[in-house]
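Working notes, beginning with the structure itself.
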Amino acid sequence: MAKYIPKNEFGLPKSSLPPLGLMGLFNYLKSYYNEIELIDRNVNPTSIEKLIKDADHIYIGGMIAQEKGFLEDAKIVKNAGKLLIAGGTIISEDSPLTELADHLVENEAEMVIDDLLEGIYYGNAEKYYKGMLTHPEKFFQPDYSSINLKNYQSMSVQITRGCPFNCEFCDITARFGKKQRIAPTEHTENAFKQMYNLGWRGSVFIVDDNFIGNPKEAIELLKNLHRIDNEIGYSFPKYSEVSVNLSDDTPTMQELRKWFRKAYFIDNFFGVETNNTEALQETGKNQNLRGKKTIIEKLKLITEETGTSMMMGIIHGFDSDTSDAVEKLIEFINKTHIPTVMVGLLQALPKTELWNRMKKEGRIIENSTGNNTDGTMNFIPYNISEKEAEQNYVKILERIYHESAFFERVKRALRLINPEFKNGSTPMSLKEKLYSASRILTKDNSSTYWKYLKDAHKIARERFGFFSKGYWFIISEYLTYCARYTHMKTQMQIIKEQIKTRIYEQWQLYSWKDYKILQINDTTLN
Ligand code: SF4
């Protein structure tokens with residue numbers, strides 16, 4: 001078990017979430033091995049050579065964005081003569097890992113793991129296993145004792161897999177299906193009870209692709225989470241990923257919004273993507289366009305009725321995006337009550353409809369980095385060049401994370417958020433809170449944070465009365481936003497530096513429209 005507890009600048013654990021998939025695999029494998037250990041490279045600074053010294057079999061898993069580190073580790077493992085088994089969303093038949101790993105598992109592993117283990121035992125395992133959609137009864141169940149919980153800012157649980165929607169850029173439906181599969185109630189119950197018994201009192205991220213993919217079932221899931229909290233005698237603060245149709249004006253959605261509050265969800269992430277109607281239609285995100293309300297009205301309604309804080313994802317680089325539309329996008333973001341906005345440039349991920357369309361049109365230039373916030377695109381955008389898209393990206397970040405714009409959104413959020421204040425929900429001890437607050441208010445941007453603290457205090461006092469539970473909730477939310485602001489500003493600086501020094505290739509200087517007009521042929525693109 002990893003004992004290292006690195007801290008970030010606010011005295012909090014450095015890693016936000018534990019490796020949930022590997023914790024499930026660990027739980028399954030432990031009955032097959034005499035000795036087994038789970039290593040999270042995000043929190044364990046020991047060299048890979050030392051980590052694998054006494055191991056015979058190494059299982060590695062991860063995502064596309066981690067490919068570089070993966071390949072380096074895989075080479076070391078193979079040079080040390082160990083058996084290497086690789087899995088996770090990083091795996092595809094044309095992945096460079098194919099040359100290094102002894103065995104690879106693409107997609108969900110549960111339905112092929114027994115064949116793989118038997119093959120390894122008898123020495124006749126296949127090179128490549130293609131997993132398939134798993135029956136929920138067989139979902140791996142994570143063992144939370146396989147990690148040191150103190151290394152993480154939040155725990156995670158998966159209850160459902162899959163999403164019924166058709167967003168062109170998203171690989172969820174290709175990987176996990178359009179019909180949502182729901183884990184048996186006991187799986188969820190076991191996870192929360194084990195976390196509680198291991199002493200966890202912090203927040204829990206429900207990592208589902210879209211928690212409300214099946215709205216009627218989602219109501220039952222929320223009721224179940226509420227029941228589990230009651231049985232344990234502790235309400236875990238929760239958050240998840242949710243589609244904007246939560247704002248729909250239907251009895252089911254009204255009921256759903258009510259249960260988010262009861263089940264103590266304090267935050268949710270929404271794929272808003274853009275305010276550009278044409279772009280939403282182009283990418284198949286029609287669920288954001290339903291009804292008569294504007295997107296801003298929909299987002300406001302969600303917070304009013306669920307009480308939760310919100311985060312949103314924004315994407316630039318759709319075919320119908322232009323540089324002129326950027327001003328409208330910035331204005332839109334700055335009119336919301338959502339301080340935490342994850343902006344990314346559109347990337348065509350493998351297995352998506354977007355990848356297929358770009359491939360067919362001859363616009364793909366390279367594989368996706370798997371990280372849409374690194375300020376790069378892997379295909380030629382339609383109305384703008386890749387270089388312009390990058391410059392627009394920096395402009396959006398600078399304007400939405402400008403001090404006055406950000407803290408206006410914070411003030412709007414603080415006036416709206418209002419979860420059920422649960423007894424006993426104290427994710428951090430008072431000592432930890434005070435320590436963290438003192439770090440936030442004395443380090444980077446501290447004069448800004450003190451300046452707006454007066455506003456937060458005023459809002460908290462007016463809404464809930466001095467030193468009440470609600471008052472402290474608002475102040476602690478304010479400090480959380482400050483910490484996120486520091487993080488976002490740092491990230492923005494890194495991206496700006498990278499973009500400033502980038503040397504552009506020819507394909508990055510023209511839009512696809514230009515290419516068509518100039519009739520530049522494919523061979524000149526690379
Ligand atoms: S709603 Fe979210 S998870 Fe579902 S397809 Fe769209 S982007 Fe993917």
Side-chain angles (χ1 to χ4, degrees), residues 17 20-21 63-65 89 107-108 133 136 156-183 205-218 221 239-248 250 252-253 256-257 260 265 267-291 295 298-299 302 306 308 310-321 338 340-358 368 370-373 377:
L17 291 166
L20 191 66
M63 299 179 293
I64 299 170
T89 51
N107 300 330
E108 297 180 6
L133 298 184
S156 47
V157 171
Q158 185 177 52
I159 304 178
T160 72
R161 293 183 193 171
C163 175
F165 291 119
N166 290 312
C167 307
E168 191 192 30
F169 57 84
C170 176
D171 62 350
I172 293 299
T173 49
R175 289 187 187 280
F176 305 112
K178 285 176 74 76
K179 187 173 181 311
Q180 208 176 35
R181 290 164 295 147
I182 302 173
F205 179 35
I206 316 283
V207 300
D208 300 15
D209 310 312
N210 178 3
F211 188 82
I212 65 162
N214 181 335
K216 288 213 164 95
E217 286 294 346
L221 297 178
Y239 60 110
S240 191
E241 296 183 310
V242 178
S243 48
V244 173
N245 56 309
L246 178 60
S247 64
D248 283 1
T250 63
T252 303
M253 290 304 183
L256 198 43
R257 295 195 289 269
F260 266 110
F265 276 67
D267 214 345
N268 278 317
F269 180 89
F270 290 81
V272 173
E273 323 307 1
T274 176
N275 62 328
N276 178 348
T277 304
E278 224 182 306
L280 287 170
Q281 285 163 343
E282 156 203 325
T283 201
K285 197 125 201 169
N286 297 311
Q287 66 271 28
N288 287 19
L289 293 168
R290 290 181 191 165
I295 297 178
K298 290 176 186 180
L299 299 173
I302 291 171
T306 60
T308 63
M310 294 172 94
M311 298 175 270
M312 70 173 162
I314 292 287
I315 298 176
H316 178 61
F318 292 110
D319 276 6
S320 40
D321 277 343
I338 305 181
T340 313
V341 186
M342 315 289 289
V343 189
L345 287 180
L346 187 61
Q347 289 211 1
L349 292 170
K351 297 182 189 245
T352 60
E353 288 303 315
L354 180 64
W355 172 275
N356 295 341
R357 181 163 69 86
M358 292 299 112
S368 164
N371 174 6
N372 82 339
T373 57
M377 293 179 80

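Both counts, for ligands and for their atoms, begin at 1 and track the order of listing. Worth knowing before you read on, the calculation uses all heavy atoms, side chains too, and leaves out hydrogens, waters and symmetry mates.
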Check: Thr306 side chain, Ile302 main-chain N or O, donor-acceptor pair, under 3.5 Å: yes
Applying salt bridge (charged side-chain N to carboxylate O under 4.0 Å, His left out), name anything that partners Arg290, two or more places apart in sequence or on another chain. Asp248
Heavy-atom side-chain contact between Met358 and Leu346 under 4.5 Å: no
How far is atom 1 (S) of ligand 1 from the closest protein heavy atom, and which atom is that? Gln287 NE2, 3.5 Å
Counting neighbours of CD on Gln281 that are heavy atoms of other residues, nucleotides or ligands and sit closer than 6.0 Å, is the number greater than 12? yes
Just to be sure I understand the site: which N, O or S atoms from the protein are less than 2.8 Å away from atom 4 (Fe) of ligand 1? Cys163 SG
Got a list of side-chain donor-acceptor pairs under 3.5 Å for residues 169-176, not counting sequence neighbours?
from   : atom 1 : to     : atom 2 : distance (Å)
Asp171 : OD2    : Arg175 : NE     : 2.9
Arg175 : NH2    : Thr89  : O      : 3.4

Set of residues satisfying salt bridge (charged side-chain N to carboxylate O under 4.0 Å, His left out) with respect to Asp209, sequence neighbours excluded: none
Between Asn214 and Lys179, is there a side-chain donor-acceptor contact under 3.5 Å, judged purely by atom types and distance? no
Distance to 0.1 Å, residue and atom name: give those for the protein heavy atom nearest to atom 2 (Fe) of ligand 1. Lys285 NZ, 4.2 Å
